[in-house]
Amino acid sequence: MAIHPRTSSGGDERFFLRAAIAMTLLIFAGFSTQLAMGRSTFASPPLVHAHAVVFMGWVVLYLLQNIFAATGKMALHRRLGWIATGWIVAMVVLGCWVTVAMVRRGQVPFFFRPVNFLVFDPLSLFAFAGLTSAAIVMRRRTDWHRRLHFCAMSMLLGPAFGRLLPMPFLPPFAWEVTFAASLLFPLAGVVADVRRSGHVHPAWRWGIGTMIGTLLLIELITFSPVGGAIYGAVTRGSPGAAVAGMEFPPPPAGPLITGRDAGR
């Protein structure tokens with residue numbers, strides 16, 4: 001793998017490794033906190049467990065890739081990279097599957113509009129897959145490769161922030177707040193570049209631009225007739241059809257336990 005001359009500095013590698021560690025800790029903190037508070041349960045259907053294993057597996061893969069790159073173990077980095085390439089397909093399939101299952105059962109978290117949830121979950125995954133694919137194509141340009149991967153990984157941080165932020169108090173902008181929080185990581189990358197070299201690498205513009213473009217597309221679809229049509233088609237013949245797509249569902253009468261019935 002060729003190394004671009006501007007990416008060989010130790011500071012650059014240290015930043016991406018430290019950021020990967022921070023992302024990993026954030027994700028595990030978000031999900032473990034929910035488990036500790038009794039809001040998550042292992043008594044979930046197989047689909048939810050498969051989703052969790054695959055997505056947490058990606059977090060581990062991303063962290064290992066940054067460790068291998070920072071320690072010069074590029075042979076391992078390349079081998080693991082090809083495994084990660086196939087992993088993306090499983091993530092997109094399972095992510096969309098779980099989202100549709102939750103919407104059809106009328107189990108969208110009460111701080112999200114059901115239509116918005118149905119749109120932002122898959123489109124965020126598609127943006128992640130697109131940025132990751134671009135990073136793979138640019139794998140011989142390490143400066144582009146790692147920054148595009150970084151933005152792709154940032155697209156997956158919303159669920160972690162959603163489990164740490166006071167989501168019941170954030171409607172009608174709960175989704176937008178989690179997106180803004182996720183955007184802090186690539187913005188930190190921009191700041192790190194400026195402090196290190198005095199300029200912003202163009203990969204950040206493409207990565208952050210893709211993230212913001214995805215946000216705008218999600219908003220456009222959500223608040224247009226297209227969103228309602230998609231929601232109607234997905235929920236037809238299911239309990240979710242009785243749930244108003246653009247209204248926030250009422251809070252649960254009992255404890256909120258995520259993932260208990262999704263996929264059944």
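Each residue takes its place number in the sequence, starting with 1. Computed from a predicted structure; not experimentally measured. We use all heavy atoms of the structure for the numbers below, so side chains are in, but hydrogens, waters and symmetry mates are not.
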Indicate every side-chain donor-acceptor pair of residues 108-120 with a distance under 3.5 Å to a residue at least two apart or in another chain.
from, atom 1, to, atom 2, distance (Å)
Arg113, NE, Met246, O, 3.4
Asn116, ND2, Thr222, OG1, 3.0

Audit row: Thr33, Arg163, side-chain contact (heavy atoms from CB on, under 4.5 Å) steps and yes/no: CA-CA 8 Å; Thr33 297; Arg163 285 162 171 78; over 6 Å; no
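- Minimum interatomic distance between Met211 and Pro186 (heavy atoms only, all atoms of both residues): SD-CG, 3.8 Å.
- Ser154 contributes atom OG, which lies 8.5 Å from atom CD1 of Ile208 (distance to the nearest 0.5 angstrom).
- Here the shortest heavy-atom pairing between His201 and Ala203 reads ND1-N, 2.9 Å.
- The ring of Phe150 has its center closer than 6.0 angstrom to the ring center of Phe15.
- Note on Leu156 and Val89: separate hydrophobic clusters, where clusters join Ile, Leu, Val, Met, Phe, Trp and Tyr whose side-chain heavy atoms are under 4.5 Å apart, directly or indirectly.
- To the nearest 0.5 angstrom, Phe185 atom CZ is 9.0 Å from Met153 atom CE.
- A chain of hydrophobic side-chain contacts below 4.5 Å, direct or via other Ile, Leu, Val, Met, Phe, Trp or Tyr residues, connects Leu187 to Leu26.
- Judged purely by atom type and a 3.5 angstrom limit, Gln107 has no side-chain atom pairing as donor or acceptor with the backbone of Met102.
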Can you give each donor-acceptor pair under 3.5 Å made by side-chain atoms of residues 223-236, sequence neighbours left out, with the distance rounded to 0.1 Å?
from, atom 1, to, atom 2, distance (Å)
Ser224, OG, Leu220, O, 3.1
Ser224, OG, Ile221, O, 3.1
Ser224, OG, Val226, N, 3.3
Tyr231, OH, Gly240, O, 3.2
Tyr231, OH, Val243, O, 3.0
Thr235, OG1, Tyr231, O, 2.8

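- The minimum heavy-atom distance between Phe248 and Pro172, with the atom names listed, is CZ-CA, 3.5 Å.
- Exactly one residue among Glu13, Met138, Arg141, Arg139 makes a side-chain contact (heavy atoms from CB on, under 4.5 Å) with Arg146. That residue is Glu13.
- Trp82 and Phe68 fall into different hydrophobic clusters, where Ile, Leu, Val, Met, Phe, Trp and Tyr residues are linked whenever their side-chain heavy atoms come under 4.5 Å apart, directly or through other members.
- Among all heavy-atom pairs drawn from Asp12 and Phe16, the shortest one is O-CD1, 3.1 Å.
- Counting only residues at least two apart or in different chains, salt bridge (charged side-chain N to carboxylate O under 4.0 Å, His left out) contacts with residues 167-194 comprise Arg147-Asp193, Asp193-Arg196.
- Nearest heavy-atom pair across Tyr62 and His149 is CE1-O, 4.0 Å.
- Qualifying side chain to side chain contact (heavy atoms under 4.5 Å, CB included) partners for Leu61, counting only residues two or more places apart in sequence or in other chains: Trp58, Leu80, Ala84, Trp87.
- In this structure, Pro239 has no side chain to side chain contact (heavy atoms under 4.5 Å, CB included) partners at least two apart in sequence or on a different chain.
- With sequence neighbours excluded, the residues that form a side chain to side chain contact (heavy atoms under 4.5 Å, CB included) with Val92 are Ile88, Cys96, Phe126, Ala129.
- Hydrophobic clustering places Leu47 together with Met56 (ILVMFWY residues linked when any side-chain heavy atoms are closer than 4.5 Å, directly or through intermediates).
- With a 6.0 Å radius and a threshold of 12 heavy atoms from other residues, nucleotides or ligands, Arg205 has its CZ atom above the threshold.
- Atom CD1 of Ile212 and atom CG of Leu183 lie 5.5 Å apart (nearest 0.5 Å).
- Rounded to the nearest 0.5 Å, atoms OG1 (Thr132) and CG (Leu125) are 10.0 Å apart.
- Once rounded to the nearest 0.5 Å, the distance linking CZ of Arg105 with OG of Ser238 reads 9.5 Å.
- Across Ser124 and Ile218, no two heavy atoms sit closer than the pair OG-CD1, 4.0 Å.
- Contact annotation: the side chain of Glu219 approaches that of Trp175 to within less than 4.5 Å [non-hydrogen atoms, C-beta and beyond].
- Annotation: the span from Leu63 atom CG to Phe28 atom CZ amounts to 9.0 Å, rounded to 0.5 Å.
- Judged by distance alone, the side chain of His51 and the main-chain N or O of Gly95 form no donor-acceptor pair under 3.5 Å.
- Taken together through direct or relayed side-chain contacts under 4.5 Å among Ile, Leu, Val, Met, Phe, Trp and Tyr, Val137 and Trp206 form parts of separate hydrophobic clusters.
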